[in-house]
Amino acid sequence: MTDAPTGPIRPYGDTTGDGMVQLSFTLPIAHSKVADGAALQLANRMGMDPALVVHSKPMGDGFTFFVVYGRVNHLVDPSLVKVVERDFPLLTPKEANAAIKRSLRRRLVVVGACIGTDAHTVGIDAILNIKGFAGEKGLEYYREIKVVNLGAQVSVPQLVERSIAERADAVLVSQVVTQRDAHLLNTREMSAAFREAYPAGQQPLLVVGGPRFDEAMAEQLGVDRVFSRGTTPADVASFLVHRVTEPTGSPTRQAS
């Protein structure tokens, strides 16, 4: 495995360090040579010089989609990047089940949903449904986890009410619709509603996920964990076991 660079780096396109990047965007202008010129103007103002429109296509009445290829002079420094590292062991289903059984002596209850107007259940289903995602079975496969999947377009009051009725240990929410930061507004509304509905320190774990979330925003959003793209059922199950069954830290791994 190649070591991560320790200093500033430049984008790579055709040759190492040439600074070439590809950018796609849509402008509210009819497809024409003028539209191509407007796209180049935008690219130049964003620091791409020279730039070339390699693809443009009408996107309905009065809109054009562009792909621009060009050079930038900016450098990036990986040593300054801050990410949320996994701070818990990744458990197999067997290990997770054993930890839950040993610590809770009952099934761990998980309620999941897409809230607001979001009707995209692919994400929440990938984590919860037994068929899972990326070769991993979902939380329904774990015999010590009870999964209540409420599906799409669930209101926050409905989610809170069902979580109380099920005595949920954790609530998982998927948000794919992100126009005008709907995912952030919905998450803040949800976390506020759970704080109001539960006594202090007794609310379930609140976990949100979706491709546009920043994993570093958990505290700002009032939730316990944010998962972004690439998350698998094992990631979520391991986190829940870590937080629910082991107050002092990581669950003890069991022999496979």
Side-chain angles (χ1 to χ4, degrees), residues 1-29 35-57 59 63-91 120 122-123 126-127 133-136 174-185 187-188 207-239 242 250:
M1 184 176 180
T2 304
D3 292 336
T6 57
I9 56 176
R10 192 185 303 275
Y12 167 90
D14 300 314
T15 58
T16 302
D18 61 9
M20 301 298 288
V21 299
Q22 182 170 289
L23 176 68
S24 63
F25 54 87
T26 300
L27 289 178
I29 185 173
D36 286 356
L40 285 178
Q41 184 183 115
L42 175 63
N44 290 151
R45 291 185 176 183
M46 294 176 70
M48 297 177 67
D49 186 23
L52 175 68
V53 175
V54 296
H55 175 75
S56 61
K57 180 180 180 180
M59 293 288 287
F63 292 87
T64 305
F65 173 77
F66 303 92
V67 177
V68 178
Y69 188 63
R71 178 181 291 111
V72 297
N73 294 314
H74 308 296
L75 299 175
V76 293
D77 190 345
S79 67
L80 301 179
V81 175
K82 296 182 179 180
V83 298
V84 177
E85 298 286 0
R86 178 165 53 83
D87 55 357
F88 50 88
L90 192 62
L91 305 175
H120 299 78
V122 174
I127 300 300
F133 166 72
E136 293 183 8
S174 173
Q175 290 280 265
V176 176
V177 175
T178 60
Q179 285 87 343
R180 299 183 179 179
D181 287 337
H183 60 309
L184 304 181
L185 296 174
T187 300
R188 290 191 175 100
V207 179
V208 297
R212 292 284 297 276
F213 277 108
D214 180 348
E215 292 184 326
M217 292 185 67
E219 185 175 351
Q220 298 176 41
L221 296 175
V223 299
D224 295 281
R225 187 79 179 196
V226 174
F227 286 106
S228 190
R229 62 185 184 278
T231 300
T232 67
D235 293 322
V236 177
S238 298
F239 170 75
H242 169 71
S250 310

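Only heavy atoms go into these numbers, but all of them, side chains included; no hydrogens, no water, no symmetry mates. Along the sequence shown, the residues carry numbers beginning at 1.
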Looking at residues at least two apart in the chain, or sitting in another chain, which of them share a side chain to side chain contact (heavy atoms under 4.5 Å, CB included) with [X]?
X	value
Ala35	Ile29, Ser32, Thr64, Phe66
Val122	none
Met217	Leu184, Arg188, Asp214, Gln220, Leu221

>> On a heavy-atom basis, which atom in Pro78 and which in Ile9 lie closest, and how many Å separate them?
In response: CG-CD1, 3.9 Å
> What heavy-atom pair brings Ser228 and Pro211 nearest, and what distance separates the two atoms?
Replying inline: OG-O, 3.8 Å
Side chains of residues 21-28: which donor-acceptor pairs under 3.5 Å do they make with residues two or more places apart or in other chains?
none

> Going by the salt bridge (charged side-chain N to carboxylate O under 4.0 Å, His left out) test, which pairs reach into residues 218-228, not counting sequence neighbours?
Replying inline: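 Qualifying pairs, neighbours excluded: Asp87-Arg225, Asp224-Arg243.
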> Which pairs with one or both residues in residues 10-28 pass salt bridge (charged side-chain N to carboxylate O under 4.0 Å, His left out), sequence neighbours excluded?
Replying inline: none
>> Contact between Arg86 and Phe239 at the side-chain level, heavy atoms closer than 4.5 Å - yes or no?
In response: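 Counting from C-beta outward, Arg86 and Phe239 never come under 4.5 Å.
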Would you mind writing out the side-chain donor-acceptor pairs for residues 36-50 within the sub-3.5 Å range, not counting sequence neighbours?
residue: Asp36; atom: OD1; partner: Ser56; partner atom: OG; Å: 3.1
residue: Asn44; atom: ND2; partner: Met48; partner atom: O; Å: 2.8

> Once you round to the nearest 0.5 Å, how far does CZ of Phe227 lie from OG of Ser174?
Replying inline: 12.5 Å
>> Among residues at least two apart in sequence or on other chains, which ones pass side chain to side chain donor-acceptor pair (under 3.5 Å) with Thr232?
In response: Glu136, Asp235
